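Data first, discussion second: the structure below is written as structure tokens.
Note that the structure is a prediction, hence the values are computed from the model and not measured. Labels below follow one simple rule: chain letters A, B, ... track the order of the sequence lines, proteins then strands, and each chain is numbered from 1.
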There are 2 protein chains.
Amino acid sequence: MELPATNNNPATIQDVADLAGVSIATVSRVVNGKSPVVPETAQRVMDAIRQLNYVPRAAARILASKRTDTLGLIVPEISGEFFAPMLRGIEAAAGEAGFDLLIHTTAYKKPDMRRHTLGEHNTDGLLVFIGSMEQAELERLGSIGFPVVFLHQTAPEGLDIPVVTVENKKGAMLAVEHLIEAHGCRRILYLSGPEGNEDSSWRERGYRLALEKYNIPFDPALVVPGNFSTRQAAQSMTETLAGGLEFEAIFSGDDLAAVGAMSALREAGLRIPEDVKIVGFDDVPLARHLTPPLTTVHAPTEEVGRTATDLLVRLVRREAVEREILLPTELTIRQSCGCGNG
Amino acid sequence: MELPATNNNPATIQDVADLAGVSIATVSRVVNGKSPVVPETAQRVMDAIRQLNYVPRAAARILASKRTDTLGLIVPEISGEFFAPMLRGIEAAAGEAGFDLLIHTTAYKKPDMRRHTLGEHNTDGLLVFIGSMEQAELERLGSIGFPVVFLHQTAPEGLDIPVVTVENKKGAMLAVEHLIEAHGCRRILYLSGPEGNEDSSWRERGYRLALEKYNIPFDPALVVPGNFSTRQAAQSMTETLAGGLEFEAIFSGDDLAAVGAMSALREAGLRIPEDVKIVGFDDVPLARHLTPPLTTVHAPTEEVGRTATDLLVRLVRREAVEREILLPTELTIRQSCGCGNG
DNA sequence: CTTCTCTATGTAAGCGCTTACATAGAGAGG
DNA sequence: CCTCTCTATGTAAGCGCTTACATAGAGAAG
């Protein structure tokens with residue numbers, strides 16, 4: 001059996017050029033669909049490419065063109081439920097714009113060994129999720145004008161970095177107001193997110209504003225750490241319950257914590273929503289399937305990913321972009337708040 | 001304020017060499033920790049690197065060295081609950097071995113535009129999840145001896161590709177046997193995975209073997225499509241319930257489908273486990289927090305990711321590897337099967 | 001039939017690294 | 001003191017592309 005290529009190495013642009021009887025510049029033009037190339041020539045080149053199974057080496061392309069056609073994504077951890085839809089949005093938008101995606105998670109990494117895994121040397125722009133990059137590195141990137149877009153986090157002082165997030169405050173207000181108006185709750189617990197988390201701060205602010213609106217005094221004891229984590233929320237709630245704190249409802253900073261809280265409540269023999277009502281935030285895909293189905297603030301997570309990516313792509317292309325995009329949230333009423341057929 | 005670099009472009013190895021008063025070869029040696037370099041020289045180079053904020057361009061490195069130090073991961077979709085732990089294992093193992101991770105999802109992609117997003121041109125090896133790569137491309141990679149490891153899927157005929165998966169059959173048997181032995185169930189429904197899915201086939205086989213063992217005739221009507229999807233399982237179950245099919249328990253091909261089934265059951269007014277018992281497969285993080293907590297076959301998903309990555313790294317280094325690794329599964333009993341304090 | 005304009009293609013100079021090979025000193029041994 | 005070994009460093013040749021610039025024909029215009 002005759003082999004198409006004489007040597008055993010993967011074909012290069014030169015091999016293709018030779019086989020097609022053209023110069024490598026022409027091959028490059030055909031591959032990139034640029035400049036004028038006569039259809040016949042193009043066809044010859046394409047045939048040669050197919051015959052040799054030619055695939056352009058990304059590294060050579062990048063080195064020569066100074067573009068990577070790759071977007072970087074830095075997240076603390078790809079925690080399932082919440083992140084999946086966002087990632088889907090990012091993937092889709094990046095793909096449509098012709099960019100690849102390099103993902104890097106920073107959780108559980110020893111911070112000493114600072115190999116620059118993602119940066120200007122291997123991406124055209126970076127999507128940075130809340131709390132996953134050092135200030136110093138950010139400033140460095142900012143100072144060289146490298147395209148960066150934040151997700152769910154506004155830029156630190158002095159750095160002009162666009163951000164895409166959701167209407168946290170409004171969503172939280174809607175949730176808490178519903179608990180107050182529709183269900184007459186007055187002692188509402190807030191299951192907060194991680195210390196310093198911006199989403200959580202805004203949501204707490206919305207929570208407080210709703211209380212204020214109905215002249216319900218804010219009680220710091222009712223703010224319980226949930227850490228946006230099922231496990232930690234469950235533990236917190238168990239302790240809180242053991243402590244004898246009284247409350248009629250929970251507004252959870254996110255759905256994952258709500259799941260943990262529900263789990264703890266159930267174990268303590270409390271019924272939802274009869275004994276304790278609960279509403280979450282995010283509306284993760286799973287929320288509707290919980291028992292009872294979780295009333296929660298719907299956040300357009302996939303849309304956030306998509307929007308941020310579009311923004312980044314425009315930034316990479318040096319187009320003008322908005323400095324902040326707030327995507328709308330709305331209350332999705334199911335049964336955990338006491339509504340419905342439950 | 002004086003700027004460290006005269007030009008505004010990011011520093012290259014040449015700039016570092018100039019500043020440190022050495023040749024670029026020496027800088028390269030320092031950066032890669034190779035060959036003998038006198039400590040003083042190394043220190044001078046490191047100082048220069050720091051001063052210039054030098055970061056090696058990945059593309060140049062790859063082009064010159066023919067190594068990418070990057071592993072590719074191809075998955076159909078990063079569906080939350082199940083995939084997160086696996087990804088964590090992969091990320092961790094790749095990082096520890098000094099590799100970056102390029103992730104590519106194939107779901108929802110038009111198959112016509114076959115840009116080779118991941119391949120020998122930008123990775124040293126590929127981790128391929130079940131059903132996410134075309135046969136032809138696989139054969140091409142196989143023919144050039146490119147390192148590939150399969151996740152949850154055995155290699156097609158004739159291709160010598162190692163696979164890492166879990167003891168599906170054994171796990172399924174354990175689950176179904178438990179339902180039969182401990183709870184006296186005889187009419188057990190199997191909520192199957194996607195058509196042709198290997199995990200699902202093995203699990204069904206385990207299900208059948210367990211039935212056989214107890215002389216329970218297999219009833220094809222009891223195999224209901226769940227598609228490993230919460231939504232589709234819910235829909236399927238709703239239809240099945242409406243059809244009046246009788247059964248005492250459900251063995252769900254995976255936990256996500258179990259969630260959907262539970263949701264449908266609840267809506268139909270059926271109690272778990274009193275009216276219908278259910279056990280899942282995978283033991284996703286969420287399983288313990290469901291109502292009632294889901295009895296399920298625990299699969300070491302993170303370990304699968306880690307093991308597969310280790311295997312791939314060894315393959316990349318041209319070391320000998322096993323052709324198939326089966327990680328152990330075990331039954332995690334909670335309350336949805338009727339056990340426990342529920 | 002020139003000369004001018006285009007347009008399709010070729011030429012060649014890098015892009016920023018790695019690495020085989022060359023080379024220069026410094027000791028060691030005689 | 002001269003030669004022989006080493007060892008630390010320098011030299012330079014690519015790696016496989018992109019792209020500015022050069023060039024060659026083919027018409028169009030005079």
When you check the gap from the basic side-chain N to the acidic O, do Glu120(A) and Arg140(A) get nearer than 4.0 Å? yes
Flag the pair Leu151(B) / Thr165(B) as yes when at least one side-chain heavy-atom distance between them is below 4.5 Å, and no otherwise. no
Inter-axis angle, terminal five-pair segments of the helix from dC1(C)-dG30(D) to dG30(C)-dC1(D) [nearest 10°]: 50°
Atom pairs and distances, donor-acceptor, side-chain atoms in residues 24-31 of chain A, under 3.5 Å, two or more places apart:
unit_1   : atom_1 : unit_2   : atom_2 : d
Ser28(A) : OG     : Asn32(A) : ND2    : 3.3

Assign each of Val22(A) and Arg67(B) the nucleotide of DNA chain C bearing its closest heavy atom; nearer the 5' end lies the nucleotide of Val22(A)
Using the closest heavy atom to pick a nucleotide of DNA chain D for each, name whichever of Ala64(B) or Pro36(B) lands nearer the 5' end. Pro36(B)
Contact span of DNA chain D against chain B, any nucleotide atom under 4.0 Å from a heavy atom, 5' to 3', runs dA8(D) to dG16(D)
Does the pair Arg88(B)/Glu303(B) count as a salt bridge with the N-to-O cut at 4.0 Å? no
Is Arg314(A) salt-bridged to Glu322(A), cutoff N-O under 4.0 Å? yes
Look at all strands and tell whether Thr12(B) reaches a base, only sugar-phosphate, or nothing, counting heavy atoms closer than 4.0 Å. sugar-phosphate
Do Phe228(B) and Phe82(B) have side-chain heavy atoms sitting under 4.5 Å apart? no
Neighbour count above 12 (heavy atom, 6.0 Å) for Arg323(B) CZ: yes
Looking at Glu40(A), I'd like to know if its CD atom is crowded, meaning that more than 12 non-hydrogen atoms belonging to other residues, nucleotides or ligands lie closer than 6.0 Å. no
Identify whether any heavy atom of Ile24(B) sits under 4.0 Å from a base atom; if not, whether one sits that close to sugar-phosphate; answer base, sugar-phosphate or nothing. base
I want to confirm an ordering. Mapping Lys34(A) and Leu63(B) to their closest nucleotides on DNA chain D, which one lands closer to the 5' end? Leu63(B)
Closest-nucleotide ordering on DNA chain C, the 5'-leading residue of Thr26(B) and Ala59(B): Ala59(B)
